[in-house]
Amino acid sequence: MTNAANLRKMRSINIVITAASFCGNKGAAAMLQSGIKQLRERYGERLRITLMSTYPERDREIIASMPERYDFISVVNAKPEKLLFPTFPLAVLYGFFGRVPLLRKPFPHNKIIRAYSECTMVVDMAGVSFVDSRGFVMNTYAFVCVAVPTLCGAPVCKYSQALGSFKNPYNRFLARRILPKMRLICARGEITKSALADIGIIENVRLCTDGAFSMLDGERYAENVQKLCENDSFYNGYVVGVSISSVVEKRCRKLGIDYKNIMTEFVVHLIAEGYSVLMIANAAREDSIRPRNNDLPICSEVYAKIRDKTNVRYYPREMFPEELRLLISRCKVLVASRFHAMIGALEKRVPVLLVGWSHKYREVLDMFELGGYAADYSELTSDKLWAEFQRLLENSEEIRAKIAENLPRVKESSRQNIKLISEEIDKRNTR
């Protein structure tokens, strides 16, 4: 092996991860855990990760509390207001003047620009982006998240996510402007892939299922859940998991649908029918009462309205994504309004009924031949929810068989995320 080849082999791999955090949405945390561990397995001690976090203080605390040794991860404050100003204008200037030595000197004082300008690859882990229904603010934010590193000269890969549709002119303009510049876009399903093709984005697109499908359980997390459940007779019964979402609640409220009351009635009905109910907050921020990335407020309100709590379990705290998934594995079936609660159920071969708001649910369930179990929130009523739950129970064994049949292929597709991204990293690293 030549000296040059040896040097490339020993060179540090500096990865910046954006649009994800450990705090808040545990779906994002699951994607992070899966991606980080696979990258670490591939690159070992050479790997350095910078996490662009919207919750930097809390993310540092969570990383420090993990059983894994994550001293190769540094956290940079990338809150939306900081990213939009001053970082985005500075990145625009950097795009024009960053290659001029004398003019480049002030830019590294901005930690975000410095990290992007020095990195090997940027991995964008937004679970969903450039979606018409997300509106002006969120689509602008999605654009800025990838425009800043691009302006800094950093190559960007999009981890598996849902994109589109692109019927809104503003969203379509942003997507067509920035997405072709990505080294790789991992489309989460056929609906996303088709939506991208509709606006001419084909060459840099590969189909990869959600990254959380390849998240490992971890011994320490399994021990924690085992201790929680082993002395509680609750888990000996027929446990129905119920994932309640602040996002779906907000969307229902705009349509005049009382999601909170419907979910309360559903839980009470389950208890009356003799089921045990595990309420799951798949997004949690203990330090906040705001609903953004936080299902604890609405879950707590529903829980408070239940008079007889004997056959209900609810843990009103922030948990690790592995722990949430292992708790879901204790359920016979799951009724979910959170995407990654659904992913956890499918990975654990638990039949699941979705009440959601985006094609992102349907395109994943389609991979298991279960697209018919994705219910649209806009048609939600107590009677319809109970009827769909009965259908889920009646067909649970058939559903379980379809999950078992398709899961190995889906998990392999999930692992393709890091395989394909690593190929782009290696191309970059051989220069």
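Each residue takes its place number in the sequence, starting with 1.
Between the Asn168 side chain and the Asp132 main chain, no donor and acceptor come within less than 3.5 Å of each other. Of the possible polar contacts, one joining the Asn417 side chain to the Ser414 backbone as a donor-acceptor pair under 3.5 Å is found. A donor-acceptor contact shorter than 3.5 Å links the side chain of Asn294 to the backbone of Ser288. With Thr120 contributing its side chain and Asn14 its backbone, the two residues share a donor-acceptor pair below 3.5 Å. Side chain of Asn25 to backbone of Ala283: no donor-acceptor contact under 3.5 angstrom is found. The closest donor-acceptor contact from the side chain of Glu363 to the backbone of Thr192 lies under 3.5 Å. When atom types are taken as modelled, the side chain of Asn139 and the backbone of Val131 share a donor-acceptor pair closer than 3.5 angstrom. When atom types are taken as modelled, the side chain of Gln33 and the backbone of Met215 share no donor-acceptor pair closer than 3.5 angstrom. Of the possible donor and acceptor atoms, one in the side chain of Arg188 sits under 3.5 Å from a partner among the backbone N and O of Gly127. Side chain of Ser413 to main chain of Thr209: a donor-acceptor pair is present (N/O by atom type, distance under 3.5 Å, no hydrogens or angles).
Counting only heavy atoms from C-beta outward, the side chains of Leu179 and Lys158 approach each other to under 4.5 Å. Taking 4.5 Å as the limit, every side-chain heavy atom of Arg206 sits out of range of all side-chain heavy atoms of Gln416. Contact of the Tyr238 side chain with the Val333 side chain is registered, since non-hydrogen atoms from C-beta on lie closer than 4.5 Å. With contacts defined as side-chain heavy-atom distances shorter than 4.5 Å, the pair Val76/Pro56 does not qualify. At least one side-chain heavy atom of Asn429 sits under 4.5 Å from a side-chain heavy atom of Arg46. Val302 places none of its side-chain heavy atoms less than 4.5 Å from the side chain of Val242. Proximity of Phe339 to Val128: side-chain heavy atoms (C-beta onward) are nowhere separated by under 4.5 Å. Within the 4.5 Å cutoff, no side-chain heavy atoms of Leu354 are placed close to those of Arg362.
Between the side chains of Asn293 and Tyr55, at least one donor-acceptor pair of N or O atoms lies under 3.5 Å. A donor-acceptor pair shorter than 3.5 Å cannot be found between the side chains of Tyr141 and Ser129. Residues Ser246 and Asp295 have side chains that bring a donor and an acceptor to within less than 3.5 angstrom of each other. In summary, the side chains of Asp426 and Tyr43 do present a donor paired with an acceptor at a separation below 3.5 Å, with no hydrogens or angles considered. Checking Asp210 against His340 by side-chain atom types alone, a donor-acceptor pair falls below 3.5 Å. Under the 3.5 Å distance criterion, with hydrogens and angles disregarded, no donor-acceptor pair is assigned to the side chains of Thr381 and Asp383. Asn406 and Glu369 share a side-chain donor-acceptor pair at under 3.5 Å.
Annotation: Lys305, atom NZ; neighbour count of heavy atoms from other residues, nucleotides and ligands within 6.0 Å is above 12. Around atom OH of Tyr170, more than 12 heavy atoms belonging to other residues, nucleotides or ligands sit under 6.0 Å away. Remark: Glu230 CD is packed, more than 12 non-hydrogen atoms of other residues, nucleotides or ligands lying under 6.0 Å away. More than 12 non-hydrogen atoms from other residues, nucleotides or ligands lie less than 6.0 angstrom from CD of Gln390. The 12-atom threshold is exceeded at CD of Glu81, counting heavy atoms of other residues, nucleotides or ligands nearer than 6.0 Å. Around NZ of Lys111, the count of heavy atoms belonging to other residues, nucleotides or ligands within 6.0 Å does not exceed 12. Residue Lys402 qualifies as enclosed at atom NZ: its count of foreign heavy atoms under 6.0 Å is above 12.
Residues Tyr259 and Tyr377 keep their aromatic ring centres 6.0 Å or farther apart. Aromatic pair Tyr373/Phe368: centroids not less than 6.0 angstrom apart.
Contact detail for Met121 and Pro155: the closest heavy-atom pair is SD-O, 3.4 Å. Listed here is the closest heavy atom pair of Leu346 and Val364: CD1-CG1, 4.0 Å. Here the closest non-hydrogen pair linking Ala187 and Leu196 is CB-CD1, 4.4 Å. Gly27 and Asn282 get closest at one heavy-atom pair: N-ND2, 4.0 Å. Taking each heavy atom of Ala78 and Thr54 in turn, the nearest pair found is O-CG2, 3.9 Å. Minimum heavy-atom separation, Gly237 to Lys332: O-CE, 4.4 Å.
The existence of a salt bridge linking Asp198 and Arg172 is excluded, since no basic side-chain nitrogen approaches an acidic carboxylate oxygen closer than 4.0 Å. Salt bridge annotation for Arg391-Glu394: absent, with no cationic side-chain nitrogen under 4.0 angstrom from a carboxylate oxygen. Using a cutoff of 4.0 Å between basic side-chain nitrogens and carboxylate oxygens, Lys227 and Glu223 are not scored as salt-bridged. Under a 4.0 Å N-O distance rule, the pair Arg220/Glu68 does not qualify as a salt bridge.
The aromatic rings of His269 and Trp386 sit parallel, their planes meeting at an angle under 30°, below the 60° perpendicular limit. The aromatic rings of Tyr314 and Tyr303 sit tilted relative to each other, their planes meeting at an angle between 30° and 60°.
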Working for salt bridge (Lys or Arg N to Asp or Glu O under 4.0 Å), residues Glu45 and Arg69: CA-CA 12 Å; Glu45 296 297 322; Arg69 183 177 63 84; 3.5 Å; yes
field: Check against side chain to side chain donor-acceptor pair (under 3.5 Å), Ser34 and Gln38
entry: CA-CA 6 Å; Ser34 175; Gln38 289 178 76; 2.9 Å; yes
field: Evaluation steps, side chain to side chain donor-acceptor pair (under 3.5 Å), between Ser337 and Ser245
entry: CA-CA 5 Å; Ser337 295; Ser245 165; 5.7 Å; no
message: Quick one, Arg409 with Glu412, criterion salt bridge (Lys or Arg N to Asp or Glu O under 4.0 Å). Give me CA distance, side-chain angles, the key distance, then yes/no.
response: CA-CA 5 Å; Arg409 172 180 53 81; Glu412 179 56 34; over 6 Å; no
field: side-chain contact (heavy atoms from CB on, under 4.5 Å) between Leu327 and Tyr235, intermediate numbers included
entry: CA-CA 10 Å; Leu327 279 173; Tyr235 290 99; 3.7 Å; yes
query: Given the rule in the side-chain contact (heavy atoms from CB on, under 4.5 Å) test, do Ile298 and Met263 qualify, once you have shown the distances and angles that lead to the verdict?
result: CA-CA 10 Å; Ile298 185 172; Met263 298 311 294; over 6 Å; no
task: Dump the intermediate steps for salt bridge (Lys or Arg N to Asp or Glu O under 4.0 Å) on Arg253 and Glu249, then the final yes or no.
output: CA-CA 6 Å; Arg253 195 177 345 116; Glu249 194 278 331; 2.8 Å; yes
- request: Could you please spell out the steps behind the salt bridge (Lys or Arg N to Asp or Glu O under 4.0 Å) verdict for Glu322 and Arg325?
  value: CA-CA 5 Å; Glu322 294 90 343; Arg325 190 173 68 179; over 6 Å; no
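Rounded to the nearest 0.5 angstrom, Met52 CE and Cys145 SG are separated by 10.0 Å. Note that CD of Glu347 and OG of Ser214 are 9.0 Å apart. Values are rounded to the nearest 0.5 Å.
A cation-pi arrangement is found for Arg40 relative to Phe72, the charged atom lying closer than 6.0 Å to the ring centre and inside a 45° cone about the ring normal.
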